[in-house]
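Okay, so here's the structure we're looking at.
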Amino acid sequence: MTTYEYEILTFPMDRKNSLIEMQAALNAKGQIGWEVVSISSSEFANIGHTAFLKRETQESADVGVTQ
């Protein structure tokens, strides 16, 4: 059975380079297996964005391995 773990990142949009920083952070997460599931505008992040990410857990990857 495939299982996932999740991570939530917040990005306040209060600086000039905020979108560039957001892109760099998401690209870094993508390089280690995280996939963006959704992004929403959020007052929680000081009128910024909240990104929801997921990746397959190691346990589910091991299930398909046969010896």
Side-chain angles (χ1 to χ4, degrees):
M1 175 175 80
T2 303
T3 59
Y4 298 95
E5 62 181 325
Y6 299 91
E7 187 163 341
I8 299 170
L9 304 176
T10 57
F11 299 96
M13 294 293 129
D14 57 359
R15 295 183 309 276
K16 185 176 181 179
N17 294 327
S18 294
L19 289 176
I20 293 168
E21 293 169 1
M22 181 178 169
Q23 182 179 10
L26 294 175
N27 281 334
K29 289 290 188 178
Q31 290 177 351
I32 56 172
W34 290 97
E35 176 183 1
V36 174
V37 177
S38 178
I39 295 180
S40 66
S41 297
S42 173
E43 290 185 28
F44 173 73
N46 299 323
I47 310 297
H49 297 88
T50 301
F52 302 88
L53 297 89
K54 76 173 186 178
R55 72 176 171 184
E56 192 172 327
T57 62
Q58 186 61 40
E59 293 83 31
S60 65
D62 291 343
V63 170
V65 176
T66 57
Q67 297 191 24

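Everything quoted here is computed from the prediction, not taken from an experiment. Start at 1 with the first residue, then count along the sequence.
The cluster map of Ile, Leu, Val, Met, Phe, Trp and Tyr, joined by side-chain heavy atoms under 4.5 Å apart, puts Ile32 and Met22 in the same cluster. Val36 and Phe52 fall into different hydrophobic clusters, where Ile, Leu, Val, Met, Phe, Trp and Tyr side chains are chained together by heavy-atom contacts under 4.5 Å. Follow the hydrophobic side-chain contacts under 4.5 Å out from Ile39 and you reach Leu19 in the same cluster.
Nearest heavy atom pair, residue Thr57 against residue Tyr4, reads CG2-C, 3.5 Å. Taking each heavy atom of Ser18 and Pro12 in turn, the nearest pair found is OG-O, 3.5 Å. Nearest heavy-atom pair, Ile8 versus Thr50, reported as atom, atom and distance to 0.1 Å: CG2-CG2, 3.5 Å.
Note that the CD atom of Glu35 and the OH atom of Tyr6 stand 10.0 Å from one another [nearest 0.5 Å]. The line from CE of Met13 to CD of Glu21 is 8.5 Å long, rounded to the nearest 0.5 Å.
Between Arg55 and Glu5 a salt bridge is recorded (basic side-chain N to carboxylate O distance below 4.0 Å).
A 4.5 Å side-chain heavy-atom check between Gln23 and Asn27 finds at least one atom pair inside the cut-off. Put simply, the side chain of Leu26 reaches to within 4.5 Å of the side chain of Phe11, judged on heavy atoms. Inter-residue side-chain proximity for His49 and Ser41 is flagged as met; some heavy-atom pair is nearer than 4.5 Å.
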